[in-house]
Amino acid sequence: MSDSYLLAGRFGAATRLSPKALRLYAEQGLLVPAYIDPATGYRYYAPEQAAWARMIARLRRLGLPVARVAQLVELDAESRLVELRSWLDAQCERLTEQTELVEAIARQTDGRDTELISKIAIREVKACKLITCQRQLDIEALDPFMASAEADIRGHLRRCGIAGDGAMTVHFHETVSRDSEGLVEVAIVYEGSIEPVDDLRIRLQPARREVFLPVPAACQNFPLILRIYDAIETWLDARSDIHCVGSPYEIYPGSHGASFDVAYPIS
């Protein structure tokens, strides 16, 4: 080989890539040696491969998987930067969520959020008819689904000659997060007689009692909304005379001027 080519060891030292990494990237087709000596098996790299290798090393230090790195290195510099900034924004959101989850565990441990807990109340709710729409989704799809389901339900009610201004509840039958999908049901109270259509369903909700908490403006978005659920669950855990009998739900509009309440059905 020409002296201008570098053995794998020297090339790795120059580009801050270990022998193990070079072998992996060669196997993945991400950074293939310019030449492999058939007699010795020695791998040689061309000098012009160094910039590519350093970019791979930087991307891998971000913790990106090899498959994602392979996509990014093929992009032009501007497109790659757009993708990386979008990824970084998502990482920041994820860190914020993880921070709040750790704080939620701390609140459960040391009994914090006494101010929120002091505002929890109980009320009686009359029996009513609901028209509903259900979807299996994660937290990113929640707001768009709530908006579209509400529009579909209220539109159907108006087309049937029924006032479409009833309160809306959003029932969380399963856990919804960034990592897992759960069953969510949007429901609107109505009076009169209608037929279900498409993915809209009708159900009767019996009279019940509920424990509820109006949501302050500072806690309305995920993951801070978890503080409200934690406060109610802490309150329930401390009561031996009251038991939760179903999944939680949000009620729009809320009470005492709040945009919405969080509530749990109780017995």
Could you verify whether a donor N or O on one side chain and an acceptor N or O on the other, from His243 and Ser267, lie under 3.5 Å apart?
-> no
Without hydrogens or angle criteria, can the side chains of Tyr264 and Glu233 be said to hold a donor-acceptor pair below 3.5 Å?
->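 Yes.
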Quick check against the 3.5 Å criterion: does [X] have a side-chain atom that pairs as donor or acceptor with the backbone of [Y]?
X	Y	result
Lys119	Leu213	no
Glu74	Gln71	no
His156	Glu195	yes
Glu174	Leu183	yes
Asp37	Tyr42	no
Asp152	Gly155	no
Ser79	Asp76	no
Ser180	Val176	no
Arg203	Leu130	no
Ser118	Glu115	yes

Hey, is Arg158 close enough to Asp165 for a salt bridge, meaning N to O under 4.0 Å?
-> no
Quick one: pull up [atom1] in [X] and [atom2] in [Y] and give me the separation to the nearest 0.5 Å.
X	Y	atom1	atom2	answer
His171	Ile251	NE2	CD1	8.0 Å
Leu200	Ile131	CG	CD1	4.5 Å
Trp87	Leu72	CH2	CG	10.0 Å

Are Tyr252 and Val186 side-chain neighbours, meaning at least one heavy-atom pair lies under 4.5 Å?
->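 No - every pair of side-chain heavy atoms lies 4.5 Å or more apart.
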Any side-chain heavy-atom pair from Ile188 and Arg154 closer than 4.5 angstrom?
-> yes
Counting only pairs under 3.5 Å, give me each side-chain donor-acceptor contact of residues 13-32, with atom names and distances, residues two or more places apart or in other chains.
from: Thr15; atom 1: OG1; to: Phe11; atom 2: O; distance (Å): 2.8
from: Ser18; atom 1: OG; to: Ala21; atom 2: N; distance (Å): 3.1
from: Tyr25; atom 1: OH; to: Arg60; atom 2: NE; distance (Å): 3.2

Closest heavy-atom contact between Tyr229 and Glu250?
-> OH-OE2, 2.9 Å
Arg43 charged N/C atom sitting above Tyr35 aromatic ring, 6.0 Å / 45° |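 Checked: cation-pi criterion not met.
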Listed partners of Arg208 passing salt bridge (Lys or Arg N to Asp or Glu O under 4.0 Å), at least two apart =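 In terms of salt bridge (Lys or Arg N to Asp or Glu O under 4.0 Å), with neighbours along the sequence ignored, Arg208 is linked to Glu210.
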Establish whether Phe212 and Ile122 are linked, either directly or via other cluster members, by ILVMFWY side-chain heavy-atom contacts under 4.5 Å.
->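 No, because Phe212 and Ile122 fall into different hydrophobic clusters, even though each may have its own neighbours under 4.5 Å.
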Residue Arg61 excluded, over 12 heavy atoms near CZ under 6.0 Å | yes
